[in-house]
Amino acid sequence: MLGLLSLFITLLPVQALPASSQKMLPPYFVLAGDSTTATQSSNGGGWGDGFLNTTLFKGASGHNYGHNGATTVSFRAGGDWDKVLATVKNVSHEHHPFVTIQFGHNDQKAAANISLAQYTENLQRFVTETVDAGATPILVTPLSRRNYETSSGEPSIIQDLANQTAATITAAHNTGASFIDLNRASTQYLNAIGPTGAYTYNLISTDHTHLNVEGSIVFGGVVAQLIQRDFPALQAHSFVRVNETLKEDVARGIYYWP
Ligand SMILES: *[C@@H]1O[C@H](CO)[C@@H](O)[C@H](O)[C@H]1NC(C)=O
Ligand SMILES: *[C@@H]1O[C@H](CO)[C@@H](O)[C@H](O)[C@H]1NC(C)=O
Ligand SMILES: *[C@@H]1O[C@H](CO)[C@@H](O)[C@H](O)[C@H]1NC(C)=O
Ligand SMILES: *[C@@H]1O[C@H](CO)[C@@H](O)[C@H](O)[C@H]1NC(C)=O
Ligand SMILES: *[C@@H]1O[C@H](CO)[C@@H](O)[C@H](O)[C@H]1NC(C)=O
């Protein structure tokens with residue numbers, strides 16, 4: 001009894017202390033990325049809007065700057081990154097700004113001519129400038145595509161973003177930034193539910209990269225859950241909340257439809 005009680009007391013403060021002892025401004029999430037973050041449109045759609053629409057509460061908010069076709073180079077050259085930093089400055093008085101940074105799908109294409117070393121450096125520069133602007137960076141490994149191979153009998157996800165995932169984690173280690181491993185979490189879930197379920201999240205049936213509204217809600221929820229793990233205060237203050245059924249289904253590898 002005493003043993004159990006002391007275990008409870010030791011574990012409790014980790015989650016509970018921030019709620020009672022610290023004030024925290026509501027977070028504002030500025031999303032930087034490519035079409036796998038972007039708003040649903042005719043040729044793109046990612047997890048960003050599902051995350052912003054369904055997981056933020058109590059004054060928490062954000063803006064989706066995901067840009068179809070963007071690389072770590074074009075996002076800066078085309079002026080999107082300046083908008084991210086301007087938004088951080090704008091919201092800082094009333095919010096704790098976070099910047100999520102997810103690239104790789106287009107950087108990896110031969111036509112982009114961006115080496116893994118350049119990709120890593122570009123991510124690190126985004127992180128440094130985010131910190132300098134007064135925001136908290138969160139590096140995000142790229143959302144998995146929903147392409148399967150069956151060489152082992154069971155359909156399993158083709159891990160064609162492994163190099164970009166590893167490079168994103170390296171960028172986090174080199175800068176001391178937080179990262180969430182969305183590639184791993186999405187790959188695990190997609191392997192568990194298999195292709196039939198996975199394809200229901202396709203923006204159009206032949207597009208296994210972009211997400212429809214429901215897919216955005218599912219993977220937006222996965223992102224929110226990963227963020228809660230790294231920043232328990234956001235959950236303790238109820239700023240970031242994830243549908244319990246979604247949470248349980250993803251954890252058990254059961255197909256979820258919002
Ligand atoms: C987000 O909300 C907007 C406005 O209500 C809606 O048009 C859009 O379909 C929603 N998208 C997602 C992915 O939830
Ligand atoms: C900054 O805030 C002002 C006033 O609310 C708004 O008009 C402007 O569009 C905002 N700029 C950015 C980059 O969000
Ligand atoms: C690719 O990038 C390298 C180094 O940045 C450059 O030297 C080379 O000319 C580029 N190749 C093409 C085809 O643009
Ligand atoms: C990852 O990088 C290695 C070494 O640069 C390369 O041989 C391999 O083809 C790359 N994998 C993918 C999936 O691009
Ligand atoms: C969570 O998701 C399930 C399945 O879509 C839905 O039935 C339920 O109402 C949701 N719960 C909340 C609290 O939104």
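Atoms within a ligand are numbered from 1 in the order they appear, just like the ligands themselves. Any value given below was found using the heavy atoms of this structure, including those in side chains, with hydrogens, waters and symmetry copies removed. Quick caveat, the model's predicted, so the values are computed rather than measured.
In this structure, atom 3 (C) of ligand 4 has a protein heavy-atom contact shorter than 4.0 Å. For atom 14 (O) of ligand 4, the nearest protein heavy atom is under 4.0 Å away. Closer than 4.0 Å to atom 7 (O) of ligand 5 lies none of the heavy atoms of the protein.
Interface of P258 with ligand 5, defined as ligand atoms under 4.0 Å from a residue heavy atom, comprises 5 (O).
Separation of the Y119 and F103 ring centroids does not fall under the 6.0 Å cut-off.
Annotation: atom 12 (C) of ligand 5 to nearest protein heavy atom, N243 ND2, 3.4 Å. Shortest contact from atom 10 (C) of ligand 3 to any protein heavy atom: N113 ND2, 2.4 Å. Of the protein's non-hydrogen atoms, the one nearest atom 5 (O) of ligand 3 is Q118 NE2, 3.4 Å.
Backbone and side-chain nitrogen or oxygen atoms of N163 are examined, and one is located within less than 3.5 angstrom of a nitrogen or oxygen of ligand 4. Polar contact with ligand 5: absent for T245 (N/O pair, distance under 3.5 Å).
Relative orientation of the Y148 and Y199 rings is perpendicular, given thresholds of 30° and 60° on the angle between their planes. Taking the six-membered ring where tryptophan is involved, the planes of W47 and F51 are perpendicular, since the angle between them exceeds 60° and thus also 30°.
Of the inter-residue distances, the one linking Q102 atom CD with T168 atom OG1 reads 8.0 Å to the nearest 0.5 angstrom. The distance from the OG atom of S74 to the CG atom of D34 is 9.0 Å, given to the nearest 0.5 Å.
Only backbone heavy atoms of W257 (N, CA, C or O) come within less than 4.0 Å of ligand 5; its side chain stays farther off.
By the 4.5 Å heavy-atom criterion applied to side chains, S35 and H67 are not counted as neighbours.
Checked for salt-bridge contact, R125 and E121 miss the test: no charged N lies under 4.0 Å from a carboxylate O.
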